[in-house]
Amino acid sequence: MTLLAIPGLAVWDGIVDLFNTVMTPLYWAVSALLVGWHWLLGQVLDPNGGWAWALSIAGLTIVIRTILIPLFVRQIRSSRNMQLLQPKMKELQKKYGHDREKLGQETMKLYKETGTNPFSSCLPLMLQSPIFLALFRVLDYAAKGQWHSEIMKPYVNSLQHAKIFGAEISQTFLKASGSGSGNVKVVAIVLIILMTATMFTTQLQLMRKNMPKEALTGQAAQMQKVMLYVFPIFFLVGGFNFPIGVLIYWFISNLWTMGQQFYVIRRNPAPGTPAYDAMQARKREHNLRHGRPADENVPGTAGAATDTEMPDRRPAQRQQPKRQSRSDRKSGPGTTASSNGQTSAEDADAPAVQDATPKQDAPKQTQAGAAKKQPAGKKGSGAKRQPAAKSAAQKKAAQKRSGGSR
């Protein structure tokens with residue numbers, strides 16, 4: 001009832017309380033990092049001096065950016081995938097340009113198949129925003145002699161009056177007051193310009209050196225232009241209301257991003273970009289200086305090492321012995337096969353007849369065995385067969401002939 005009684009005030013107070021409850025863990029984390037770095041730097045610097053607190057903010061920035069390195073790697077991969085997908089994106093636009101719904105479905109399908117997230121380029125900035133806001137609130141409270149966490153309570157007075165170049169790091173350009181207000185405004189303007197310039201340079205470096213021409217058109221190009229112009233303008237305008245300490249945080253964070261991106265673009269540029277051509281030129285020059293062929297181990301050329309040129313070091317596959325049926329094992333190595341792979345009935349019957357009769361009776365016995373051979377067209381004729389079983393009459397006749405020959 002209280003929230004509904006005075007909507008203009010009570011509802012807003014409820015929102016603020018909820019926001020502070022959600023942000024409390026970040027207030028504690030930022031305060032703990034600041035105090036930890038301040039204690040470490042206080043061993044060699046004046047604990048109440050501005051440079052101890054300014055460098056503590058720099059240490060906080062380094063910790064945060066180190067934690068965000070996996071996201072930066074993901075951002076680079078996603079940005080490269082977006083560049084390499086531009087030809088396929090153009091094909092989809094030509095094919096489904098008349099149907100926006102179908103175009104959107106096929107585009108999302110392509111992103112899913114290639115593991116590309118078009119919004120990954122904004123992830124580091126989006127995740128830094130709550131930390132930036134927590135630092136802003138901690139410094140803003142310190143400027144008023146207040147604190148968000150018990151960790152910061154003993155250090156509030158020191159942070160409130162800490163100065164660099166005569167400017168208190170808890171003051172802002174618009175709210176500067178006291179004898180050092182002029183210094184605050186000068187330092188704030190310098191930091192705002194540096195912060196905006198480094199952000200703009202970082203994005204411009206990415207677009208000019210590590211993006212192919214195909215990627216400079218379409219949806220991806222629009223997003224890159226937003227990051228190139230809109231974000232620097234936003235921070236340029238908003239910087240006049242940021243405390244000096246927050247401006248230090250963003251300036252160092254942008255320097256980190258610019259150096260990190262310069263390293264990635266130089267060592268692992270995207271194919272088809274000016275940075276990729278520059279890397280090839282450097283490798284050719286290096287090869288020539290060392291007396292090697294110019295294109296040796298140069299990516300994208302005939303002299304580059306490929307997987308097919310590497311020797312196959314896998315162990316040879318072992319040949320498994322073929323499994324024999326019971327009839328094959330009984331017949332043994334003496335059984336011969338005919339031209340179509342079938343054991344002939346003549347050869348199967350021959351050993352049994354030779355044991356009981358002379359050699360001159362073998363043709364008659366083989367004729368009797370041949371009469372019992374199955375047709376070749378019958379199913380299963382390709383398999384080896386057992387010797388044909390003799391009937392009682394055949395055995396009796398064979399015995400008579402054997403007795404007569406004696």
Side-chain angles (χ1 to χ4, degrees), residues 16-72 124-173 175-178 180 183-184 187-188 191-192 194-195 235 238-239 241-257:
V16 171
D17 292 340
L18 177 62
F19 176 79
N20 287 332
T21 301
V22 173
M23 292 291 294
T24 296
L26 277 178
Y27 294 148
W28 279 79
V30 168
S31 299
L33 285 172
L34 273 178
V35 170
W37 277 102
H38 180 262
W39 174 85
L40 183 63
L41 294 168
Q43 306 301 315
V44 294
L45 299 175
D46 180 11
N48 295 321
W51 285 108
W53 284 107
L55 293 176
S56 298
I57 295 173
L60 168 69
T61 310
I62 293 172
V63 170
I64 299 302
R65 292 312 305 263
T66 302
I67 295 173
L68 294 178
I69 284 178
L71 284 178
F72 177 79
L125 183 63
M126 292 173 63
L127 291 180
Q128 281 188 90
S129 298
I131 299 166
F132 148 76
L133 189 57
L135 179 61
F136 175 87
R137 298 283 290 176
V138 167
L139 293 175
D140 186 55
Y141 265 50
K144 302 173 185 176
Q146 302 174 359
W147 56 89
H148 273 288
S149 63
E150 293 297 323
I151 299 176
M152 184 58 66
K153 183 178 178 180
Y155 302 93
V156 166
N157 186 61
S158 175
L159 180 58
Q160 181 182 11
H161 300 291
K163 296 180 180 180
I164 56 170
F165 301 113
E168 294 182 354
I169 63 175
S170 60
Q171 294 286 329
T172 67
F173 180 91
K175 297 180 180 179
S177 59
N183 293 332
V184 171
V187 173
L191 286 174
I192 289 171
L194 291 174
M195 176 187 66
F235 282 96
N241 200 37
F242 294 163
I244 300 294
V246 173
L247 295 176
I248 293 172
Y249 171 86
W250 273 116
F251 172 57
I252 296 174
S253 180
N254 290 344
L255 278 179
W256 178 288
T257 302

Legend entry - Flag, side chain of His38 to backbone of Pro47, donor-acceptor distance under 3.5 Å: yes

Legend entry - pair Trp53-Tyr155: side-chain heavy atoms closer than 4.5 Å: yes

Inset, instruction - To the nearest 0.5 angstrom, please state how far the CD1 atom of Ile57 sits from the CD1 atom of Ile252. - result: 8.0 Å

Inset, instruction - Please examine the side chains of Trp37 and Val63, heavy atoms only from C-beta on, and report whether any two atoms are closer than 4.5 Å. - result: yes

Legend entry - Worked check of side chain to side chain contact (heavy atoms under 4.5 Å, CB included) between Leu34 and Met152: CA-CA 9 Å; Leu34 273 178; Met152 184 58 66; 4.2 Å; yes

Inset, instruction - Nearest 0.5 Å please: distance from the CD1 atom of Ile248 over to the OG atom of Ser253. - result: 13.5 Å

Inset, instruction - Identify, with sequence neighbours excluded, every residue that meets side chain to side chain contact (heavy atoms under 4.5 Å, CB included) alongside Trp39. - result: Gln43

Inset, instruction - May I ask you to test the Ile169-Leu247 pair for a side-chain heavy-atom distance under 4.5 Å? - result: no

Inset, instruction - Using only heavy-atom distances, determine whether the side chains of Asn241 and Thr172 contain a donor-acceptor pair under 3.5 Å. - result: no

Inset, instruction - For the residue pair Pro243 and Gln171, establish whether any side-chain heavy-atom pair is separated by less than 4.5 Å. - result: no

Legend entry - Heavy-atom closest contact (Ala162 atom, Gly50 atom, distance): CB-CA, 3.7 Å

Legend entry - pair Ile164-Trp51: side-chain heavy atoms closer than 4.5 Å: yes

Inset, instruction - Sequence neighbours left out, what passes ring-ring contact (aromatic ring centres under 6.0 Å, His included) with Tyr249? Give chain and number order. - result: none

Inset, instruction - Please lay out, stage by stage, how Lys175 and Val184 fare under the test side chain to side chain contact (heavy atoms under 4.5 Å, CB included). - result: CA-CA 9 Å; Lys175 297 180 180 179; Val184 171; over 6 Å; no

Inset, instruction - Apply side chain to side chain contact (heavy atoms under 4.5 Å, CB included) to Ile69 and list each qualifying residue two or more places apart in sequence or on a separate chain. - result: Thr66, Val73, Trp256, Gln260

Legend entry - Heavy-atom check, side chain of His148 versus side chain of Val30, under 4.5 Å: no

Legend entry - Ring centres under 6.0 angstrom apart (Phe136, Trp250): no

Legend entry - Any donor-acceptor pair under 3.5 Å from Asn254 side chain to Met195 backbone: yes

Legend entry - OG-CG distance between Ser149 and Leu26, expressed to the nearest 0.5 angstrom: 11.5 Å

Legend entry - Check: Glu150 and Trp28 side chains under 4.5 Å, non-hydrogen atoms: yes

Legend entry - From NZ (Lys163) to CD1 (Ile244), nearest 0.5 Å: 12.5 Å

Inset, instruction - Flag the pair Met23 / Arg137 as yes when at least one side-chain heavy-atom distance between them is below 4.5 Å, and no otherwise. - result: no

Legend entry - Interatomic distance, Leu33 atom CG to Leu60 atom CG [nearest 0.5 angstrom]: 5.5 Å

Inset, instruction - Please report the closest heavy-atom contact between Ser56 and Leu41, naming both atoms and the distance. - result: N-CD1, 3.5 Å

Inset, instruction - Drop me the distance from Phe165's CZ to Leu191's CG, to the nearest 0.5 angstrom. - result: 9.0 Å

Inset, instruction - Go through the steps for Phe242 and Phe173 under the test ring-ring contact (aromatic ring centres under 6.0 Å, His included), then give the verdict. - result: CA-CA 7 Å; Phe242 294 163; Phe173 180 91; over 10 Å; no

Inset, instruction - Would you check if the side chain of Ser170 reaches a backbone N or O of Gln160 as a donor-acceptor pair within less than 3.5 Å? - result: yes

